[in-house]
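One is the number of the first residue; the rest follow in order along the sequence. Values below: every heavy atom of this structure, side chains too, minus hydrogens, waters and symmetry copies.
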Amino acid sequence: VLDTLPVVRPSVRVLVTGDEVVREGRPRPGTVRDAIGPLLPGLVAWAGGRCLPALAVADRGRDTARALEASGPSDVVAVCGSSSAGPADHLRPVLAALGARMVVDGVACRPGHPQVLAVLPSGTVVVGLPGNPGAALAAALTLLVPVLAGRADRRDPAHLGRRVRLIGPTQPHPADTRLVPVRVSRDLAVELPGTGSADLRAAAVADALAVVPPGRRTGRVELVELP
């Protein structure tokens, strides 16, 4: 009988990028409230990790580089925003300049396709999440949760292989996989109405995301579980 057991809990440092993002108070015109940083601690804990306090980072490549270089002993750095291809999206050039090894450079899913997974020379894993909250959640379930579950030597809680019959109006995308919020009852999943990649309301009341593969929708669909 053992009195104590070692438990692996990978730490996650969160960098919230964007000059327009505010973390408290009512957003002024031209600004938005941070909706990604607050959802990550619970998601990280669900996957077996520990979330460190979020750090705000300005929309400048040098600021992103400094924040990544100062990541210290963190096992994983989650960068919120800056992962797309706009003029203020510096993550990919910064990772290249720091000598990071790119493992995943975008995923063919909607929402969440401009996500990133890279490894810095120090061994720190960087997960780039899109700036839109709904897309960030989809990307976190696609990359961040599996990384943490693997580091903690736990079963990935988001991908259990459960399959159900989907009811809803969403049609398959011709090339990308769609992730659709659903309520699940036994063998049936009912799609919830949403308003796009910026929307978290549907996901907040959903049981899971239904995986609608590209092309023609037939048969049963796999679920990505939600906490």
Side-chain angles (χ1 to χ4, degrees), residues 7-18 21-25 27 32-57 67 71-83 91 104 107 109 111-112 114-117 124-162 179-184 189 191-192 194-211 222-227:
V7 177
V8 178
R9 292 192 67 199
S11 59
V12 178
R13 190 161 184 246
V14 178
L15 307 181
V16 179
T17 68
V21 179
V22 296
R23 299 177 62 188
E24 58 184 15
V32 295
R33 185 72 179 260
D34 175 24
I36 305 171
L39 70 80
L40 288 180
L43 197 67
V44 167
W46 181 58
R50 179 174 62 92
C51 207
L52 303 178
L55 175 67
V57 179
S71 57
S74 298
D75 291 304
V76 179
V77 179
V79 182
C80 306
S82 195
S83 69
L91 182 57
V104 176
V107 173
C109 69
Q115 54 191 286
V116 172
L117 179 64
T124 297
V125 175
V126 179
V127 178
L129 306 177
N132 281 329
L137 175 61
L141 292 166
T142 302
L143 292 182
L144 180 60
V145 168
V147 165
L148 294 176
R151 288 279 177 112
D153 197 21
R154 299 186 180 193
R155 185 177 184 182
D156 181 346
H159 302 88
L160 303 178
R162 188 162 56 136
L179 300 175
V180 180
V182 293
R183 294 297 300 268
V184 182
E191 180 181 346
L192 296 171
T195 57
S197 62
D199 181 30
L200 280 177
R201 288 174 294 181
V205 297
D207 298 313
L209 303 181
V211 180
E222 187 175 348
L223 294 179
V224 176
E225 309 289 342
L226 289 168

[X] (side chain) donor-acceptor with [Y] (main chain) under 3.5 angstrom:
X	Y	result
Arg183	Ala206	no
Arg162	Glu225	no
Asn132	Gly134	no
Arg23	Gly37	no
Arg33	Gly25	yes
Thr124	Asp75	no

Test item: [X] and [Y] side chains (from C-beta on) under 4.5 Å apart, heavy atoms:
X	Y	value
Val32	Val21	yes
Cys80	Leu40	yes
Leu209	Val182	no
Arg13	Val76	no
Val145	His159	no
Leu137	Leu226	yes

Contact summary for [X] and [Y], nearest pair of heavy atoms:
X	Y	value
Thr17	Gly81	OG1-C, 3.4 Å
Pro10	Ala152	CD-CB, 3.9 Å
Val77	Ser71	CG2-CB, 3.6 Å
Pro157	Leu160	O-CG, 3.8 Å
Leu200	Leu39	CD1-CD2, 3.9 Å
Val180	Glu191	CG1-CG, 3.2 Å

Checklist line | Qualifying residue for side chain to side chain contact (heavy atoms under 4.5 Å, CB included) with Gln115, from Thr142, Val127, Leu129, Leu144 | finding: Thr142

Next item on the list: Given side chain to side chain contact (heavy atoms under 4.5 Å, CB included), test Val126 with Val116 step by step and report yes or no.
Entry: CA-CA 8 Å; Val126 179; Val116 172; 5.9 Å; no

Notebook entry, point to check: Can you tell me how far CZ of Arg154 sits from CG of Leu148, rounded to the nearest 0.5 angstrom?
Noted result: 10.0 Å

